[in-house]
A.B. asks: 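Questions regarding the structure given below will be posed in turn.
All values below come from the heavy atoms of this structure, side chains included, with hydrogens, waters and symmetry mates left out. Labels below follow one simple rule: chain letters A, B, ... track the order of the sequence lines, proteins then strands, and each chain is numbered from 1.
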Amino acid sequence: MRERFLTGYNDFVLPFMIGMIFILSYCAIGLIRILKQLPKDDRRRFFISLVTPKTIVKNIRDIFCDCLLHVKIWKRNKLLGYMHSSIAFGWFMLIVIGHIEVFLYVPHRAKLFYYPIFFRYFVAETETTMKGAFFFFLMDFFLLLVLSGIFLAMFKRIRSRMFGMRRTTNPSFLDLIGLYSLWAIFPLRLLAEGFTADISGGSFLTKSLNHILNSFLSDHTNMLPAWWAYSCALGIFFVVLPFTRYMHIPTEILLIPLRNAGIKIRNARKGFAKAQVYSCPSCGLCIDACPMGVMKTHIKDTTVYLNRQLRRNNERRIEEISDKCLLCGKCTAICPVGVEGDKLRIAQRSMRKYAVNPDYSGIDTALLPVSPGLADPSVAADDKVLYFAGCMTALTPSISKAMESILVKAGVGYEFMDKEGGLCCGRPMMMAGRLDQARQMVEKNTEIIRRSGAKTLLLSCPICYRIFKEEYRLEGIEVVHHTVYIRRLIASGRLKVGKTGLSYVFHDPCELGRGCGIYDEPREVLLAAGNLVEASKNRKESICCGGSLGSITLGFDKRKSMTENALSNLTVASPDVIVTACPLCRSTFTRYADRPVEDIAETIDRNV
Amino acid sequence: MDFGFKISPSSAVNLDNVDLSLYDRLHEVEPDIAKCIACGSCSASCPAGRFSGMSMRKVILDLQRGRQKEAVKMLSGCMLCGKCLMVCPRGINTRHLILAICKLYGED
Amino acid sequence: MIYQGKQKIWADYQKEIPDDHWYYVRSCIRQNFFPGSEKMFLEICRNVLHKDFHENESHTTCGGIAYHCDTIPQETVMTIVARQFALMTESGYENYVASCITSFGNYIEILETWNEFPELEAKIRELLWKACRREFKKPKYVAHASDLIYKYRNLIAEKAKYRLVNRFTGEPLKVVEHIGCHYSKMFPSKGVGGAEYPYVLCGMIEAWGGNVIDYPERRHCCGYGFRQYHVKANRGYSISNTHKKFESMEPYHPDMIITNCPGCPYFLDRWQYVIAEMEGKTYGENGYGIPVFTYEEVAGLVLGYDPWDLGLQLHQVAVEPLLDKMGIEYDPKRKYEGLNHKDLMRPELPGVLKCC
Amino acid sequence: MKENILIIGGGIAGLEAASQLLKLGYNPIIVERSGRLGGHVADWNRLFPDMTPAEEVVSRLVAGASEANIFLNTEISFINRLKDSYNVMLSNGVSIITKIMLFATGFSLFDASKKEEYGYGVYNQVMTNSDLERWFNTGHDCRITEEGPSAMGFVHCVGSRDEKARNSQCSKVCCITAVKQAIEMKQKFPDAMIYCFYMDLRMFGKKFEDFYISAQRDYGIRFIRGRVSEVSENIEGKLVVKAEDTLSGRPVKVTLDLLVLMSGIVCDHQTCRTAGMLSLPLDSDGFLKSRDNIADITASPKEGIFYAGACTGPKTVPETLAEARSAALEIHNHIISLSEELNSNSEGQ
């Protein structure tokens with residue numbers, strides 16, 4: 001291997017260099033800005049995490065798995081996963097091997113940015129060696145890999161269904177430029193390397209192409225235009241990149257360590273939120289996932305469009321999109337890069353200014369007495385259970401009745417905290433983004449619960465459960481959802497459940513499943529009572545019932561089709577009974593279901 | 001001159017003088033407000049009503065009659081729990097309505 | 001306004017009023033407020049129209065004020081009324097005419113109650129006998145004194161010296177008529193013209209050349225409302241009602257108000273002073289108020305009686321602007337001269353409301 | 001020989017019954033006191049809830065009954081009871097002998113001027129529901145200007161459910177008619193503020209509730225629960241309307257350019273007179289009394305006399321038509337039983 005040019009330079013590298021310098025400085029500035037926007041304590045935490053070995057390993061693993069191999073996408077759809085990892089990983093390897101080549105053959109050029117990229121132009125093969133052939137083969141192999149990915153990407157634009165996607169995003173104009181330039185890079189590289197393969201050497205791909213090209217273009221004058229085109233494609237791609245969805249490529253590398261540092265969205269537009277927004281690859285997986293998708297009119301209200309509008313600062317649309325969402329969290333659950341669609345929206349809502357600000361300071365918690373029985377030290381700690389049914393359960397008293405009946409049958413001493421009505425847990429207010437108001441309610445309820453002397457707080461509403469777990473400071477009191485509690489009662493033998501021949505399907509309520517990660521306990525409970533069948537989409541991918549309090553603007557009339565869609569998903573295996581563990585899901589499903597819908601407490605109570 | 005008594009203003013709501021411009025904007029944002037039939041389901045199920053006298057039925061009516069102050073005062077007890085949304089026979093999106101009122105109408 | 005529509009309704013509410021031979025009972029309060037009115041009624045009926053009107057000095061209050069103030073029970077008021085009827089019977093009359101609207105309403109209400117509940121009538125007869133050993137026949141006709149002036153309105157018009165016409169413009173005077181609530185609101189068929197569009201005063205105004213104003217709060221109470229005024233804590237409510245009426249009639253620029261009730265002219269007249277003091281607002285021209293009259297006073301004026309003999313100097317709102325408009329001659333110097341030519345002394349002039 | 005059936009009243013009930021009886025092979029004779037067929041429906045413009053043109057309905061019914069003998073501008077002078085039939089003398093001198101009579105005499109609209117406090121006939125800008133329909137039909141009414149009212153109101157239950165108006169029953173159709181007319185006015189004058197003053201809203205029929213929701217939500221018609229107490233005229237000739245907003249517990253006052261009184265359905269005076277000739281009983285609501293108000297609404301207590309439509313109480317158009325058809329069938333069955341009786345009698349002899 002020897003250098004063909006003493007200068008090691010040709011003008012065609014300019015477009016690439018301009019693009020590269022632009023994108024690097026853009027990213028550097030962006031990085032500094034995001035880090036500066038982080039609250040002080042978050043920033044400290046981030047820097048500490050960068051030097052903590054455990055997080056370092058995690059960061060490297062996550063970046064490798066998510067950014068290069070796209071493991072999450074593989075899990076979703078093999079073809080889609082292959083497409084992504086072939087391009088990302090292939091390209092990455094091309095760069096890595098390119099650098100290795102430079103280091104091996106022309107180490108003095110290693111400080112030139114462009115050299116590894118255009119290596120084949122600048123060198124001539126002097127002798128055929130095993131080492132050279134090996135690298136040539138690797139390079140051609142990874143180029144082929146990338147090209148196969150590009151081919152699939154082109155095919156995907158025509159037939160997205162093949163990739164498990166019913167709907168994809170509508171690319172913007174700049175997205176298209178980015179897309180076409182990205183598509184052009186590797187065929188052009190192949191072409192350019194094909195022209196130079198007889199000089200610089202090559203393997204099965206480039207060499208073969210060289211032979212074909214030589215058969216009708218036996219003139220090396222075509223070489224330079226091809227390298228120019230390759231460089232231009234790269235340059236254009238890098239220049240438009242910050243303004244296209246491809247910005248996710250560099251941003252995700254920042255997002256992963258930020259997330260691993262345990263940082264949460266604290267500001268609707270800055271810092272972590274911004275990193276999330278720019279990490280969105282606009283893949284559109286969230287479009288199919290969104291329960292509102294059953295109505296075509298809502299497609300543009302999905303997270304991917306929220307991110308797009310956030311990048312454009314289109315306030316009107318941002319408000320519309322963030323207010324409509326049911327906050328079921330499914331987009332967050334399936335997002336390959338970890339954009340938290342629900343939290344982003346709550347953050348947007350929290351920015352809003354209201355002229356009327358509810359205030360609950362006047363509420364006297366003494367009006368809501370809890371009997372001092374729970375504070376009695378002679379009562380066993382296990383039995384100091386405080387049952388909080390919540391507002392929604394008040395509208396489905398069969399749940400609280402069943403729950404009470406179970407507690408009585410299991411011999412648990414309990415107190416019904418809101419039998420005569422109580423304060424709202426604050427989660428609905430929080431979902432509306434009115435965090436101060438929600439906090440006030442949290443404080444009031446904390447006061448009541450603390451005073452009661454309970455050791456366990458039992459909840460039958462997942463909406464309450466989530467905020468009690470996430471926002472309440474109830475040290476020394478176990479907060480437990482009734483699905484978990486019932487399972488515990490059954491496991492400990494306090495509750496004997498008889499099995500019937502009925503088959504049940506369990507609907508994972510958004511706040512319980514995706515919100516709190518409880519999937520197995522309700523299923524174990526139901527297995528004790530009968531047969532369990534599964535919905536076609538379940539657990540993390542369960543479909544929101546459509547009744548969610550998360551949405552502010554979705555009217556009653558617009559929710560029906562969502563509920564029907566969720567029901568048809570639940571009934572694919574023809575269960576006899578639809579069981580859920582949320583009073584709101586229960587009410588919503590009951591409205592349109594063709595078979596009984598009940599809460600898990602009702603099912604168990606009947607079978608005890 | 002102090003006679004020990006005063007001319008009190010009429011307690012009647014004069015619909016001619018009611019300024020409904022804010023109400024009309026609210027109606028644009030949430031047209032459901034016009035569907036209320038004052039059945040009282042919302043007030044009856046409202047957990048805040050017990051502490052603050054909050055009544056969605058009265059809020060809607062007050063706004064329709066131009067009594068904004070009373071409506072706004074009542075709303076400051078709302079906990080946005082969504083029970084009214086669940087029970088409304090007319091399917092009024094009460095939570096959106098409440099938030100829209102909180103946004104449009106001032107404390108004074 | 002469709003005048004024929006009103007005529008149609010008036011035609012439905014005509015009551016039979018005998019021409020002559022009446023037993024006359026006075027009001028408790030009118031002679032204090034409008035001392036010339038009842039005198040003028042008898043004067044016109046007896047001396048101008050030569051009708052037979054009998055009075056008995058033994059008659060008392062009808063109990064209406066106490067009844068409407070909730071201080072005496074119904075049996076008591078009925079027994080008082082029964083005694084009045086007994087006096088009429090003893091005097092040999094069958095037609096009973098009351099000067100007071102509340103009395104009139106009271107009599108009608110009691111007679112109607114006795115019609116519905118004859119056992120109550122029997123009980124009252126017994127009570128009356130026990131109390132004062134009297135017996136009575138129910139009157140054949142009960143009328144209010146304004147019914148009679150209404151009946152005689154055309155006779156009066158024939159003899160009239162003045163008409164309700166503005167002599168400067170030649171236009172009819174704009175007249176607000178105010179009917180006492182107890183006249184026909186309880187029993188529409190007992191009042192001339194019914195309850196919604198009573199004709200009793202309209203008929204006089206039309207006959208004497210004036211123009212009736214139909215303003216939005218025409219039906220509204222004058223504000224007296226018995227308990228509302230008598231309990232001082234409620235007095236703000238009373239004046240608020242009067243205020244409402246004046247606000248409503250203001251755009252029509254009425255020249256005068258005619259009433260047929262003891263309380264109404266008093267409150268419409270005196271509250272104008274109070275409103276002027278409280279709000280600085282007057283409703284007549286040039287800072288004056290709107291003069292308020294009883295129908296007898298108007299009849300007297302039309303017939304050419306001296307305003308001061310009619311007792312008009314006792315009005316709070318000055319009547320002189322109206323007298324000027326009608327072209328009635330009067331001697332300003334005589335305004336505060338008593339019948340015995342002694343000086344009655346001048347009242348203190350109010351601060352806001354302009355008076356002569 | 002074709003059986004003569006005398007139908008009293010040429011409204012929709014009479015026409016529908018006649019057309020059914022014609023199909024069954026009888027000879028219906030319609031006696032109508034006015035100069036045209038179709039009754040009250042013919043005065044109406046469009047019918048709720050689908051805004052069907054009333055004219056369409058009437059002309060279809062008239063076409064169906066065209067084969068019947070029809071006497072317009074004719075009343076019943078007197079009726080003589082013969083052995084098994086009636087001799088009916090008409091005001092035009094014709095006498096008809098018939099075994100069967102069908103009362104399809106309908107109703108009268110309550111005379112709104114009787115509610116004096118509302119000022120119908122006294123204040124210029126007060127009209128009734130039927131005046132408004134006439135305006136829809138003809139476009140002529142001095143009470144409605146070209147630019148339309150800027151604010152107007154509808155008063156429900158005028159002469160219905162009102163002991164003082166001697167009509168304690170519900171007229172059934174006024175609620176929905178007011179909603180319909182309010183929507184129509186709003187369509188014609190989109191800037192008008194329209195109020196409906198109601199005591200109850202009785203949206204009992206098919207699609208009525210949808211109509212009501214649409215009036216509220218899409219047309220922004222303001223419904224105020226409370227009867228109008230009194231109406232007066234201000235100096236500009238506009239109407240000052242007072243009511244209590246019973247939902248907020250406060251009096252309301254509003255100035256309107258136009259007030260429409262929803263006159264209720266009351267029993268027809270002339271019907272009572274004719275019924276009197278036959279000693280037919282009246283029900284407690286003043287309408288004709290059926291043999292049974294549930295099972296036998298179209299039959300009178302007297303043999304051979306049948307009822308159809310609003311002569312037995314307020315009804316909607318579809319209810320009236322259904323009753324007319326049902327009455328025709330009843331008559332048919334009655335005639336068959338009469339001839340069977342005759343046959344068995346003659347066989348027995």
A.B. asks: Val252(D) and side chain to side chain contact (heavy atoms under 4.5 Å, CB included): which partner among Val18(B), Asn14(B), Val13(B)?
C.D. replies: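 The single option meeting the side chain to side chain contact (heavy atoms under 4.5 Å, CB included) with Val252(D) is Val13(B).
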A.B. asks: Can you tell me if Glu55(D) has over 12 outside heavy atoms packed within less than 6.0 Å of its CD?
C.D. replies: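 Counting other residues, nucleotides and ligands, CD of Glu55(D) stays at 12 neighbours or fewer.
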A.B. asks: Which atoms of Asp32(B) come close to chain D, meaning under 4.5 Å heavy atom to heavy atom: side chain ones, backbone ones, both, or neither?
C.D. replies: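 Its backbone and side chain both get close to chain D.
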A.B. asks: Closest heavy-atom contact between Leu61(B) and Leu247(D)?
C.D. replies: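 Minimum heavy-atom separation between Leu61(B) and Leu247(D): CD2-C, 3.4 Å.
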A.B. asks: Under the side chain to side chain contact (heavy atoms under 4.5 Å, CB included) rule, what do Leu15(B) and Ile224(D) come out as? Steps first, then yes or no, please.
C.D. replies: CA-CA 11 Å; Leu15(B) 295 175; Ile224(D) 295 176; 3.5 Å; yes
A.B. asks: Less than 4.5 Å to any heavy atom of chain B: does that hold for the side chain of Phe223(D), its backbone, both, or neither?
C.D. replies: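 Interface part for Phe223(D): backbone (N, CA, C, O).
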A.B. asks: Heavy-atom pairs under 4.5 Å with chain D are the metric here; pick the option from Arg65(B), Arg67(B), Arg90(B) that has the most.
C.D. replies: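 Answer, by heavy-atom pair count under 4.5 Å with chain D: Arg90(B).
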A.B. asks: Side chain, backbone, both or neither: which part of Lys35(B) has a non-hydrogen atom closer than 4.5 Å to chain D?
C.D. replies: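 For Lys35(B), the contact with chain D is made by backbone and side chain together.
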A.B. asks: Heavy-atom distance under 4.5 Å to chain B: side chain of Asp245(D), backbone, both or neither?
C.D. replies: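 The answer is the side chain of Asp245(D).
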A.B. asks: Count the heavy atoms belonging to other residues, nucleotides or ligands that lie under 6.0 Å from NZ of Lys58(B), then report whether that count exceeds 12.
C.D. replies: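 No, not enclosed.
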A.B. asks: Taking atom NZ of Lys206(D) as the centre, does the number of heavy atoms from other residues, nucleotides or ligands within less than 6.0 Å exceed 12?
C.D. replies: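 12 or below, so no.
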A.B. asks: For Leu20(B), is it the side chain, the backbone, both, or neither that has a heavy atom closer than 4.5 Å to a heavy atom of chain D?
C.D. replies: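 The answer is the side chain of Leu20(B).
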A.B. asks: Does any N or O in the side chain of Asp16(B) come within less than 3.5 Å of the main-chain N or O of Thr255(D), such that one atom is a donor and the other an acceptor?
C.D. replies: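 Side chain of Asp16(B) to backbone of Thr255(D): a pair is present.
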A.B. asks: Just checking Gln187(D): does its CD atom have more than 12 heavy atoms from other residues, nucleotides or ligands closer to it than 6.0 angstrom?
C.D. replies: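 Yes, CD of Gln187(D) has more than 12 neighbouring heavy atoms, counting only those of other groups under 6.0 Å.
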A.B. asks: Shortest non-hydrogen contact from Arg222(D) to Tyr23(B)?
C.D. replies: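 In terms of heavy atoms, the two residues are closest at NH2-CE2, 3.4 Å.
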A.B. asks: State, to 0.1 Å, how close Arg217(D) and Ala34(B) come at their nearest heavy-atom pair, and which atoms those are.
C.D. replies: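 Answer, listing the atom of Arg217(D) first, then Ala34(B): CA-CB, 4.0 Å.
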A.B. asks: Should Ile37(B) and Gln216(D) be marked as a side chain to side chain contact (heavy atoms under 4.5 Å, CB included) after you check the CA-CA gap, both sets of side-chain angles, and the distance that decides it?
C.D. replies: CA-CA 9 Å; Ile37(B) 48 173; Gln216(D) 285 182 300; 4.0 Å; yes
